[in-house]
Every structure is written in structure tokens, then in C-alpha cells.
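So you know, we letter chains A, B, ... as the sequences are listed, proteins then strands, and number each from 1. Everything numeric here is computed off the predicted structure, so don't read it as measured data.
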Amino acid sequence: MLCQLQFLTKNGIYDFWNWFDDRTWYPLGRVIGGTVYPGLTLTAGTLWWILNSLNIPLSVETVCVFTAPTFSALAAWATYLLTKEVKGTGAGLTAAALLAMVPSYISRSVAGSYDNEAVAIFALIFTFYLYIKTLNTGSLFYATLNALAYFYMVCSWGGYTFIINLIPMHALLCIVTGRYSPRLYIAYAPLVILGTLLAALVPVVGFNAVMTSEHFASFLVFLILNVVGLVYYIKGMLTPKMFKVAVTLVVSAGLIVCCAVVAVLVALVASSPTKGWSGRSLSLLDPTYASKYIPIIASVSEHQPPTWPSYFMDINVLAFLVPAGIIACFLPLTDASSFVILYLVTSVYFSGVMVRLMLVLAPAACIMSGIALSSAFGVFTRSIKFASIGKQDDAGDIGNGVTQNHVVKPDRNEEPPKEKASRKKKKEKENVEKAPTAAKKSERRLLMLPMEASVVAILLLVLLGAFYVVHCVWAAAEAYSAPSIVLTSQSHDGLHVFDDFREAYAWLSHNTDVDDKVASWWDYGYQTTAMANRTVIVDNNTWNNTHIATVGTAMSSPEKAAWEIFNSLDVKYVLVVFGGLVGYPSDDINKFLWMVRIGGGVFPHIKEPDYLRDGQYRIDNMATPTMLNCLMYKLSYYRFVETDGKGFDRVRRTEIGKKHFKLTHFEEVFTTHHWMVRIYKLKPPKNRLRGKTKKSKSKPTSTISKRSATQKKNPWQ
Amino acid sequence: MAKSSATKDAQALFHSLRSAYAATPTNLKIIDLYVVFAISTALIQVVYMALVGSFPFNSFLSGVLSCIGTAVLAVCLRIQVNKENKEFKDLPPERAFADFVLCNLVLHLVIMNFLG
């Protein structure tokens, strides 16, 4: 990621689009422009360029570090705007304050978290804001801006499909519930056309913007919207009786056409093997899909379904406030508030499928809780105010009326004219107004709570907010402040720092040749490229499943087969991460079953049951011979018994199955201080010719062969 | 019998539609003509694609989408300048037209880029 930005700032945008990176995915290389969402890189590049043209000399790295915090501030601003459109300024401010602290988003917006989601969440909220704004005003100008914001979202993150499905869903909801308005047409129709064209401009999306099923919903709703718009137009022109005649005529003819079109569409979609849906989206709709068919998606821990504690950790008290917010959105239900409800419901569903999408839920939860909190505060403070004002009767009349207009009807559309009108009325004919104000007052009395109750409730709400703040600060400090590459652990005798990753990468960059290829599981690909500056076989951009499967196969093969695979890939060093000595749970042995599954998905001779004893994954003496002989086991546990004499693995909490063994095709070249990273070198192929000359037993050659034999034992002395 | 009543109904409908449409102001009629023209151009392109094939797919896509986009934007403009729409009473037609021009500008810049 960082090197992309460096490349961009050094070579310019055109070279960036055509950049072919041969330092990763050896021997394939990777076309960066076509396989990466360029939003983050372009944003950071633009920031850097602006700062530099203002003569503020910041390094590229500094800009990278501060991109995410900048955009989290912008996201809070966008949340304010969106909630303001839905429920007024107070709710907007509360929602922005909540979003500024929500732990789920902190995980992506801390300084140094240089990730797509950092800018994408801002783009998401801002797109929604512009959609709501267009819906409320019916202005084509905002529709244009909306399409551009959508373009930015498409640039930044694959999650843009969420937008292009949510907005059609909302449009459809409006049509079905009879809320169609010309404003809806202006908000939706230009967005689909412009958005599709703009999305097709991004190389990684390309023609997918019109070819895959994720986008079909938007086109279908576009057609429906056009038809509905036409129907409403004709309805406005005709008398009701003639309209009935027209409907009967058109429906009978139109039904046939519709059936034909739907049949063609279904046939088209059904003819493609995956039904036109890409894997990631299918795994959203059917949570079991990924684990069934695509191990590489299921293997990422962020793609697993979340647990209940993670909801509490990530959105905390917001989870309890959200239902109240939904209720507040129904009083009164506007187009905007129905959109927010829909956003919340869909994002709750999606976050239940993938823990990573908790990030999409967080803004929705913040908006809902902001609405809930602000309307609760509104009710309580109003009742306190009226309780105090009610005593001095006549003075309250005018003031109350105005405040009520302010608080009870925060619908932005209708507020200004009504407020003005009511003020005017009051000035002109106060006497006539007396009766309705009295009625209003009694109504208000009904809504009023006792003073003590509302004071207590406000205190409780403030306490709840304080608890939320405390939790957020704690989460930010505990979970998200430490760098993930340097690990720490707190034990009874103080703080331990495990700096093994940097140690290993430093060793690689100092002791190996620049053009050496390093093989590791793909989790460590970006790190190896960035920190050790060595070519890797696979990396975190998992664009080629087969290549990853090759590495997985090598890791799960016996030593000789693995050596052949690695040798054919021109690999010099193999890097494994091993946590058995210090108890680091996310090491390669724990990820190993995924390597077997991914490898087995492409190369059928790797079978998962071979590595399991009675369906259990184990590495002790009950483990299967395939498991004990595979490369990953050997590389992880080579010489492990020398540490404590027993070979006790602290992660799996067992003694390892095979303790004393030698490596024939690999040799250990480096093991870090806590054994967390172990680096092996592929031995050069044996020299066959020497073996033959040894048989001929001529004296000088035998001495050479003897020397070579001793060399073979320890060729690096 | 049923058929003749249906045709009669259709005729009556046609007449009332025509008389209702005759009342629309001329500027709206011009916009309608523009929309019809854009949609028919899109249809011609689709038919051509069906006959010849969609090889430079981006050209086809940008051609059709530019027509549909133009039509959609014109419809939006028509909605905004239509006096019968109460919602857009306080929106001056000049502002509506300016928005329309801006949106068209963006649309066609994108299309020129996409045409490749």
C-alpha cells in the first residue's frame, strides 16, 4: 500500500495505472492499476501533493499515517450532515459525537491505520447524506454531487455494492408504500446512470458495473421507477374514470411484456455458473456459502460471523439505544427516516454475517442512537422547561408555541414556512389564536413528565453517555493503540515485548540478496514486501487463488515435494510463523488447516481428512503421519525439543508428536529470539555427477566428494 | 362485442390523453420531444448492437447510457420546471436549467472518458 503511494508520488498518475509490480506474486507479478481500489492511494497522493505545493514538506509516510484520522474527522462531519437531514441539528450533533468515539471505527481510523476502510466509511456516509439531501430538496445539483460521491466510494472500497443495493431497496420501498414523489425520481434515476458510468471508469470494477448481478437490482428498480413515474404523470393528466380504463388496458398488455422480460433476465442470470454473483457477495447473502466453496474467503478471520461480545466491544451502549432510535424514526416517518431505518436493518444483517462489516453497522448505530438520545433529551428538557414555565401561565404562551415548533417537528422540509407562518399569525391575530394554543397546551400537558422523573432520566442518560465514553477510551487504549507488528504481553513479572517480526524482516533485508524470493503464507506478504523489501510469492491482495493454493500445497506436502514446488517457483527462503514457544495463537500451525483446504481446492491430491485424526486437528503423538511429515509441521517444530527437552507447545497445550527429526531439503538459517519467526533456506539440488564419480572410486575425486560431503552437512560455515 | 367496447374505450382514452396533452405549455412539449428523440436513439443503438455485436463494449455502453442519461436528466428538468408540480414552486426555472447543464456536463465528460 505504502509503496503504491511512493510509486504514485514519484512517477505520476499515468504510470500508476499501468504499473506492473514484479516484486510480488512472483513469477506472475501484479497489475496494480487493475487489481487495487485506487481511492486510498489517490487520496493520500492528492493530500501529499497539496501539502507540498503549499510548501509544507511532509514525507509520504507522514501523510499516510495521518490520512485515516483526517478522514475519521470528515466521517463525523458527514454523519452530522446525514442525521441533520433526517432528524434535525441536535440529533446530528449527538450522532457525530458518538461516531467520533465508536470503537468499531477507531480500529480503522487510528493514526497509522492505512486501510481502504478508513476513507471508505466517510465516502459511504457522505454518499448517503447526498442521497437524502437530494431526496429532501429534489435538486439536480445534489444528484450530481451524489453520483460523484458514489464514484469516490467505488474507488475506495469493494463495499460500494452495499450502496448500489441499499439505495434501490429504499426507492423500491418508497414506491411500494406509495411514497413516490418526483424528488425520488430526481434522487435515484441520475444516480443510477451516472453512477454506473463512473463505476465503470474504475479499472478494478470495469464492466462488472453492468455485468454482475450485484448491480442488477439498481437497473430493475430504475425501470420500475420510470414506469411508476409515467403512471403518476398520466394519472395527473386524466380524469379518474379514464385512468381506470387506461389501467385495465395497459395492465393486460403490460403483464405479458413484463413476464417475457423477467423470463429473459432469469434465463440470462441462471446461465452463468455462479448466477452472476461474485463470491464475496454470495457469502453475504448465504453465510454458509464461503465456507462451503471458497476457503480463501472463509479463512480470513475478519470474514467470520461475529460473536455477541464483539457487538458489545464494538458498539457498546449503542446496541441498547438503537431500538429507541428506530421508534423515534417512526414519529413521523419521512422518506429520510425510512432510509435510515433500512440502512440500519440491512447493516445489522450484514454485520451478523461478517465481522468486518461491523464497520458499516457502526455509523448506522451511531445515527440511530444519536436520534434516540437527542429526542429523549428533547422530551425530558421540554417537560422540565414547561414544568417551570407552567407556573407563570400567560408568559409561556408565545415562547412555548415557537419552541414546540422547533422540537416536535424537526422535519427540515416543512419547518421554515410553518414556523414563519405561525409567527406571523401570532403577531397578527393573537386573539383568534388563543383557542388552538390552549388545545395545544393541553396536548403538551399530556406529553409532559413529572419534573423529578425527567431530571433523574436526564442524569441516567448522561451516565450512560459517560459509560460509553469510558468504554471507548478503554477500547482505543487497549485494543487499537498497539502496533500489530510488535506484540506485548503482560505477565506477573512485567511487560514482555515480542519484536520478533521486525527482527526477522531486518535479518531478511540484511542477509539475503535483493532478488531472492521469500515464500510464506499470504498473511505476511505485504509485511515482507514493505519491511524486508524482498519479492514474495503471494500477498494480502488475494487476487489469484491458484497461486495461493500452490503455496498452501507446498506447505502441506512432504519435504521433498514441497522442495520441488518451491524450487520451481524460484524460492530461496521460506518463512514460517511459530507461536508454540511463547503462546502466540495466530501462528501458521493454527492457520494450517486453511492452507490444506485452499491447496486441496485446486490440487485434489491434498485431502483434508489426511491431516485429521477422527475429525480432530492435533499435533501430538496421535496426529496422522501425513500431518507429522508435512513441511509446515517440520519447519515449525524443527529443533523445538531442544528448548525444553519435551517439546511442549504452549498454544496447542500438548507435547508435539514427532520430536527428533532432521531436515533433508531445507536448512534453518534464522530463528528469532522468541522463535516466532523461523526462516529456512532451500538447499541446492544434489550434484548427481559426484555420486557417480564416488562409485568409480578414483582417489582424487573421492577426497573431493568427501569434502563435499562434509560441506553438505554444513555448507554455510 | 367485448372487443369493440375495448377499442371504443381505447379511442376515448386516446382522445382524452390528446386533449390533456394539448394543454401542456410549449416548452414542456419541446423537452418531451427531446426525451423521445434520446430514447429512440438509444433504441436504435440497441438494435444495432443486437445485429452487429457488442464488440467495443465500452463504446456501446457509453452510447446507450449517454442517450438514456440525457433522457433521464431531461425528465428531471421537466419535472422541475413543470408548473403543476407544487413541490418545485420555489425553484426558479433558471436554477433548474443550470443544474441540468451541470449534470449534463459531468455526464458527458465521463462518457468522453469512457469512450476510450
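In this structure, A:Phe339 and A:Tyr131 have tilted ring planes: the angle between them lies in the 30° to 60° band.
With chain B as partner, the option from A:Thr196, A:Asn226, A:Leu198, A:Leu197 having the largest number of non-hydrogen pairs under 4.5 angstrom is A:Leu197. The residue among A:Thr144, A:Leu140, A:Ile234 with the most heavy atom pairs within less than 4.5 Å of chain B is A:Leu140. Interface check for chain A: of the options B:Ala20, B:Ser16, B:Ala12, the most heavy-atom pairs under 4.5 Å are formed by B:Ser16. Ranked by heavy-atom pairs under 4.5 Å with chain A, the list B:Thr24, B:Leu91, B:Leu61 is led by B:Leu61. Of the residues considered (A:Gly236, A:Ala200, A:Gly206, A:Ala143), A:Ala200 shows the highest number of contacts with chain B, using heavy-atom pairs under 4.5 Å.
If you measure heavy-atom distances from B:Leu65 to chain A, the contacts under 4.5 Å come from both the backbone and the side chain. Neither the backbone nor the side chain of A:Tyr142 comes within contact range of chain B; no heavy atoms are under 4.5 Å apart. Within the 4.5 angstrom heavy-atom criterion, no atom of B:Ser19 approaches chain A. For B:Phe14, no part lies near chain A; criterion is any non-hydrogen pair under 4.5 Å. Both the backbone and the side chain of B:Leu17 come within contact range of chain A, with heavy atoms under 4.5 Å apart. Contact annotation for A:Leu145: neither backbone nor side-chain heavy atoms come within less than 4.5 Å of a heavy atom of chain B. Heavy atoms of A:Phe222 lying under 4.5 Å from chain B belong exclusively to its side chain. When heavy atoms are compared at a cutoff of 4.5 Å, A:Phe141 approaches chain B by way of both its backbone and its side chain.
A donor-acceptor pair is defined here as one N or O able to donate and one able to accept, closer than 3.5 Å; such a pair exists between the side chain of B:Gln80 and the backbone of A:Gly138. When atom types are taken as modelled, the side chain of A:Glu85 and the backbone of A:Lys133 share no donor-acceptor pair closer than 3.5 angstrom. In this structure, B:Ser54 contributes its side chain and B:Phe57 its backbone to no donor-acceptor pair below 3.5 Å.
In B:Phe37, the CZ atom is not crowded: 12 or fewer heavy atoms of neighbouring residues, nucleotides or ligands sit closer than 6.0 Å.
Contacts classified as salt bridge (charged side-chain N to carboxylate O under 4.0 Å, His left out) and involving residues 24-33 of chain B (residues at least two apart or in different chains) are given here: B:Asp32-B:Arg78.
Annotation: side chain of B:Tyr34 is in contact with side chain of B:Thr70 (closest heavy-atom distance under 4.5 Å).
A:His170 and A:Ser338 share a side-chain donor-acceptor pair at under 3.5 Å. Between the side chains of A:Thr46 and A:Thr43, no donor N or O sits under 3.5 Å from an acceptor N or O.
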